[in-house]
Undergrad: 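Have a look at this one.
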Amino acid sequence: MKMASRNKCLILGFTVFLWVELYTQYPHIDQNVTCRLLRKFNLTGYVEAENHSVVIGGLFPVHYRTMPTSDSDEEIESPMCEGFNFRGFRWMKTMIHTIKEINERKDILPNHTLGYQIFDNCFSITKAMESSTVFLTGQEEYKPNWRNSTGKLLIGIIGAGGSTMSAAVSRIVGIHKVPQVGYASSSSIFSNDNQFPYILRTIPSDKFQSEAIVNLIRHFGWVWVGAIASDDDYGKYGVKFFREEMESANLCVAFSETIPKFYSNEKMKIAVDAVKSSTAKVIVLYATDIDLSPFVLEVIHHNITDRTWIATEAWITSALIAKPEYFPYFGGTIGFAIPRTVIPGLKEFLYDVHPSKDPNDVLTIEFWQTAFNCTWPNSSVPYNVDHRVNMTGKEDRLYDMSDQLCTGEEKLEDLKNTYLDTSQLRITNNVRQAVYLFAHALDLLSQDDIREEYRENAVLESKSVLDYIKVWPYLQEMKFVTHDGRKIELGSNGDVLNGSYDILNWHMDNTGEITFVKVGEYIFTSSKYEFVLPKNSTLFWNTESSRLPDSVCTKVCPPGTRKGIHQGQPICCFDCIPCTDGYVSEKPGQRLCDPCGENDWSNAEKNKCVPKHVEFLAYEEALGFTLVILSIFGALVVLAVTVVYVNHRHTPLVKANDRELSFLIQMSLLITVLSTMLFIGKPCNWSCKARQVTLALGFCLCLSSILGKTVSLFFAYRISISKTRLISMHPIFRKLIVLICVVGEIGVCTAYLVLEPPSLFKNIEPQNVKIIFECNEGSIEFLCSIFGFDVLLALLCFVTTFVARQLPDNYYEGKCITFGMLVFFIVWISFVPAYLSTKGKFNVAVEIFAILASSYGLLGCLFLPKCFIILLRPKRNTDETVGGRVPTVDRSIQLTSASVSSELNSTTVSTVLDE
């Protein structure tokens, strides 16, 4: 209501301005004289109001434009029109035909008939406003009387064609609450009740069409689209909603230019240059056919091809644009149209036209002259009156009368023009529904018997100024079914709530004519939509390859890359940046690369996550296989030594210095050598728990057994230097040393496994491209404790044997153990830096080498000399050699492994070391 008051103020202000101008230009006018129109408007049309209850007004663009008027300030002229529009003439005739049809029906307004007063608005705001004034006041009165020039009640207006003209009319008649129904005014501005409270429409709002266009663009995968709009409400608001929908769909508008309403070479050049220079190959044209026509000529003039045009309902089926000579430039156009229908009896009515029926019917005469290229005899109607601007910007005026006279015998059946073409009745059907909208509202009003003032004749025959206002409540939220079964439902703001668009594609048939092929449908309601475009639809694309055009600012980034948006640029213009390691893009056009999972890694193309390469010391690889061979070989050597010892267990050399400890050492070396097998292969929880514990226990058993031997040698050395005879060290004490050491080690290992056991660990830190399967050793404190105990035993063994290394004569076992301990320490001291400097499977391999090297060292130093004597020098394996003095001639024989006979001052100490 505030907006309506504002509009009234604007009208009032404009009226005052006109009065001031009037008195300024014509000071001689007596102010007491009643105001009157200086001249009548040059309006053409049809009227039939006599003997009818009410009159419906109509406005149609029967001409394309108005002619320029004189620049003289002395005389005011009402402009004349030029450029006959066959399509607008058909719309006008359809309104007349529909009113006649309703008057003949008995089920609608049986007791009343409708009249009409129809004007040609010449696709001009000026003419539309002149017609509106005549509807309200006639051409004689100075104030509205709501009876127009016919003297009948004006019940409403149908029109005025384009959105801009309908808006101009509504701002005048809406002030007086005159209902208006638009048949082609699709602009979204009419959805605003505050600005246009008394306008309804039988055509869907452009809001639905903009959504449909964006869905079409998205369906074909276009992301970079241009837009050209007419410089009026239809184009500006249509593109506005289109841009909003594109933005919400993450699509881009490459450019948005306007076509000037009045030809401007500079403005037209801007629009054409935008089309030529842009990489967008798909362009939306939001304009009427009349406004679009100069732009089409410019496109042809500049030979712009290889473009796909998206059409709106305003020009998709217009014969003004769909000409065969335009097909090389506009062929393959795809767009939306009002659903096609067949109107019974309309074709016959359109053919029933002839200038001879009414000599004063200037529109029919002009139609005849234009259609048949002749001049009607004795007619003042000029032939082919036209005015336009050519491609050079110069004005051409054509007022020439045709030399050929019309005979009246011309046949309409021979014509091929838009007026007689009833195969594409789309907007035409909207005109029909607009008339029926008024008819249904009046019918409901005439039947309303709830209140006395709404009875059948009370309103229609009333002379009250509010009569047409009473129709408005019945027009709002109207629902009815059309002749072809479609349901028409209007909302409270006058918009169509449900409907559909046909999706049309321009083809050329065998006769060289453009055909509009329906390839799909867009069905909508106020809350949802359905986009139907079958895959088997026959689509024609006006491209060099005749394939679906590609309209992008930057081609879609392939898998393996992501979009790098330019700052300040549309999101459709970007760089394709390869994904970083560990990230992939599996689909084209991804904005971001997706991270791979913990166990996966990107492939070389960065388009797929693949399982990471799992690294561990496998049996199958050369390194692992070599270590297995060395382990097995070491075990076999240990077993061979054991067999030798078992077979010669009763010989003095085997029995010397505790035979059982020798067997324990061999068993422990077998354990340590075979424990390396636990380090090879894919780690698992049980192998991680077993390998370090097994290794620690094996070394503990080995070193504690050696410690038992070295203690015996230590006592032997002490006897040798003291030259006294000591009490023999009983063998049970040696075994007790082993038992205590092993039990202690088992206790620590048990606590280790129970409290913080080792476990499998998938290490991805060193190299992301692979997973290193290794063992998390759990508690470092426990691990250091169990191996620290082994180190302590090794130190004790080394110290005791180092002290006893100088035993004379046959005491060489001490020297062998000393060398064995030296090898053990050298191996493990070298192991530490090598272990810390390697990763993954090589880390494990270094540890295995250390285990095998130390095991081989102990095995070689402790048992190979004895096996040499046992197998190759059996004569030296005697009690005399082992337990007595060696003859001087045999000093070259180096006894090993605890020669237990030495004569010190004629004192035998063999009993000290004997078992």
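Since the structure is predicted, the reported quantities are computational estimates derived from the model, not experimental observations.
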Undergrad: Is the shortest heavy-atom distance from the side chain of Tyr286 to the side chain of Ile213 under 4.5 Å?
TA: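 When only atoms from C-beta onward are counted, Ile213 and Tyr286 do touch, with a gap below 4.5 Å.
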Undergrad: Is the shortest heavy-atom distance from the side chain of Ile125 to the side chain of Thr164 under 4.5 Å?
TA: yes
Undergrad: In sequence, state the C-alpha distance, the side-chain angles, and the governing distance for Val54 and Leu442, and then conclude on side chain to side chain contact (heavy atoms under 4.5 Å, CB included).
TA: CA-CA 10 Å; Val54 292; Leu442 290 170; 4.0 Å; yes
Undergrad: Set out, in order, the CA-CA distance, both residues' side-chain angles and the distance that settles side chain to side chain contact (heavy atoms under 4.5 Å, CB included) for Ile228 and Val284, then state yes or no.
TA: CA-CA 6 Å; Ile228 299 291; Val284 177; over 6 Å; no
Undergrad: Let's go through Trp376 and His354 carefully: what are the C-alpha distance in whole Å and the side-chain angles of both, what is the deciding distance for ring pair (Phe, Tyr, Trp, His ring centres under 6.0 Å) to 0.1 Å, and is it a yes or a no?
TA: CA-CA 11 Å; Trp376 189 256; His354 200 278; 5.8 Å; yes
Undergrad: Assess the residue pair Asp206 and Ser186 against the criterion (side-chain hydrogen bond (donor to acceptor under 3.5 Å, both in side chains)); give the C-alpha distance rounded to whole Å, side-chain angles, the decisive distance to 0.1 Å, and a yes or no.
TA: CA-CA 5 Å; Asp206 280 337; Ser186 59; 2.7 Å; yes
Undergrad: Taking side chain as C-beta onward, heavy atoms only, is Tyr234 less than 4.5 Å from Thr312?
TA: yes
Undergrad: So does Asp509 have more than 12 non-hydrogen atoms from other groups sitting under 6.0 Å from CG?
TA: yes
Undergrad: Might you confirm whether atom CD of Glu413 has over 12 heavy atoms from other residues, nucleotides or ligands at distances under 6.0 Å?
TA: yes
Undergrad: Keeping the roles fixed (side chain from His52, backbone from Leu114), state whether a donor-acceptor pair exists under 3.5 Å.
TA: yes
Undergrad: Are Arg90 and Asp421 within salt-bridge range, i.e. N to O under 4.0 Å?
TA: no
Undergrad: Is there a side-chain contact between Thr113 and Asn51 in this structure, where contact means two heavy atoms from C-beta onward sitting under 4.5 Å apart?
TA: no
Undergrad: How about Lys261: does its NZ atom have over 12 heavy atoms from other parts shown lying under 6.0 Å from it?
TA: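 Result for NZ/Lys261: enclosed.
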Undergrad: So, do Phe540 and Trp506 have ring centers that fall under 6.0 Å from each other?
TA: no
Undergrad: Please check this pair: side chain of Arg171 against backbone of Phe196, looking for a donor-acceptor N/O pair closer than 3.5 Å.
TA: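 Not a single qualifying donor-acceptor pair exists.
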Undergrad: Can you confirm whether Gln433 sits close enough to Phe480 that some side-chain heavy atom of one is under 4.5 Å from a side-chain heavy atom of the other?
TA: yes
Undergrad: Enumerate, atom names and distances included, each donor-acceptor pair closer than 3.5 Å involving a side-chain atom of residues 316-330, sequence neighbours excluded.
TA:
from   : atom 1 : to     : atom 2 : distance (Å)
Ser318 : OG     : Asp289 : OD2    : 2.7
Ser318 : OG     : Leu320 : N      : 3.2

Undergrad: Does some side-chain heavy atom of Phe89 sit less than 4.5 Å from a side-chain heavy atom of Phe60?
TA: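 The answer is no; the side chains never approach within 4.5 Å.
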Undergrad: Evaluate side-chain hydrogen bond (donor to acceptor under 3.5 Å, both in side chains) for Asn429 paired with Thr341, printing each intermediate quantity in order.
TA: CA-CA 7 Å; Asn429 190 46; Thr341 190; 4.7 Å; no
Undergrad: Looking only at atom types and distance, does a side-chain atom of Ser163 sit under 3.5 Å from a main-chain N or O of Ser185, one as donor and one as acceptor?
TA: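 No: the side chain of Ser163 does not pair with the backbone of Ser185.
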Undergrad: Run Phe123 and Asn85 through side chain to side chain contact (heavy atoms under 4.5 Å, CB included) and show every step you take.
TA: CA-CA 10 Å; Phe123 201 69; Asn85 182 5; over 6 Å; no
Undergrad: Tyr46 and side chain to side chain donor-acceptor pair (under 3.5 Å): which single residue from Asp361, Asp358, Asp120 fits?
TA: Asp361
Undergrad: Before accepting this row, confirm whether a basic side-chain N of the pair Lys269/Glu298 lies closer than 4.0 Å to the acidic partner's carboxylate O.
TA: no
Undergrad: Stepwise, does the salt bridge (charged side-chain N to carboxylate O under 4.0 Å, His left out) test hold for Glu257 with Lys267?
TA: CA-CA 9 Å; Glu257 301 294 341; Lys267 293 181 179 179; over 6 Å; no
Undergrad: Could you check whether the rings of Tyr501 and Tyr522 sit parallel, tilted or perpendicular, using 30° and 60° as the cut-offs?
TA: tilted
Undergrad: Phe190 versus Leu200: any side-chain heavy-atom pair under 4.5 Å?
TA: no
Undergrad: Are the side chain of Ser166 and the backbone of Gly162 linked by a donor-acceptor contact shorter than 3.5 Å?
TA: yes
Undergrad: Can you confirm whether Tyr237 is buried at OH, in the sense that more than 12 heavy atoms of other residues, nucleotides or ligands lie under 6.0 Å from that atom?
TA: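 At most 12 heavy atoms, drawn from other residues, nucleotides or ligands, come within 6.0 Å of this atom.
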Undergrad: I'd like to know whether Lys518 forms a side chain to side chain contact (heavy atoms under 4.5 Å, CB included) with Asn505, so could you lay out the CA-CA distance, the side-chain angles of the two residues, the decisive distance to 0.1 Å, and finally the verdict.
TA: CA-CA 6 Å; Lys518 181 179 177 180; Asn505 184 221; over 6 Å; no
Undergrad: Is it true that a side-chain atom of Trp315 and a backbone atom of Leu285 form a donor plus acceptor pair closer than 3.5 Å?
TA: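 Side chain of Trp315 to backbone of Leu285: a pair is present.
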Undergrad: Quick one: side chain to side chain contact (heavy atoms under 4.5 Å, CB included) partners of Ser500, sequence neighbours excluded?
TA: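 Residues passing side chain to side chain contact (heavy atoms under 4.5 Å, CB included) with Ser500: Pro339, Glu521, Ile523.
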Undergrad: Do any N or O atoms from the side chain of Thr258 and from the backbone of Pro260 form a donor-acceptor pair under 3.5 angstrom?
TA: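 Checking the backbone N and O of Pro260 against the side chain of Thr258, no donor-acceptor pair under 3.5 Å is found.
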Undergrad: In the structure I gave you, are the side-chain heavy atoms of Leu412 and Tyr419 within less than 4.5 Å of one another anywhere?
TA: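 Answer no - side chains too far apart.
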Undergrad: Tell me whether Glu48 is salt-bridged to Lys100, with the criterion being a basic N under 4.0 Å from an acidic carboxylate O.
TA: yes
Undergrad: Please verify the inter-ring angle class for His440 with Tyr436; under 30° counts as parallel, over 60° as perpendicular, anything in between as tilted.
TA: tilted
Undergrad: Examine distances only and state if a side-chain atom of His483 and a backbone atom of Val342 form a donor-acceptor pair shorter than 3.5 Å.
TA: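 Looks like yes, one N/O pair under 3.5 Å.
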Undergrad: Looking at Phe41, is Lys127 sitting on its ring face, NZ or CZ under 6.0 Å from the six-membered ring centre and within 45 degrees of the normal?
TA: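 Not satisfied by the 6.0 Å and 45° rule.
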Undergrad: How many angstroms lie between CZ in Arg87 and OG1 in Thr428, if you round to the nearest 0.5 Å?
TA: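 Answer rounded to 0.5 Å: 7.5 Å.
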Undergrad: Do Ser170 side-chain atoms and Gly174 backbone N/O form a donor-acceptor pair below 3.5 Å?
TA: no
Undergrad: Taking Asp502's backbone N and O only, do any of them form a donor-acceptor pair with Arg340's side chain (distance below 3.5 Å, no angle check)?
TA: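 No, the answer is negative, given that no donor and acceptor are paired below the 3.5 Å cut-off.
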Undergrad: Are any side-chain N or O atoms of His507 and backbone N or O atoms of Thr538, one a donor and one an acceptor, separated by less than 3.5 Å?
TA: yes
Undergrad: Going through the checks in order, is the ring pair (Phe, Tyr, Trp, His ring centres under 6.0 Å) test met by Phe84 and Tyr64?
TA: CA-CA 6 Å; Phe84 195 82; Tyr64 291 134; 8.6 Å; no
Undergrad: Rounded to the nearest 0.5 Å, what's the gap from CG on Asn103 to OG1 on Thr98? Could you check?
TA: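 With rounding to 0.5 Å, CG (Asn103) is 11.0 Å from OG1 (Thr98).
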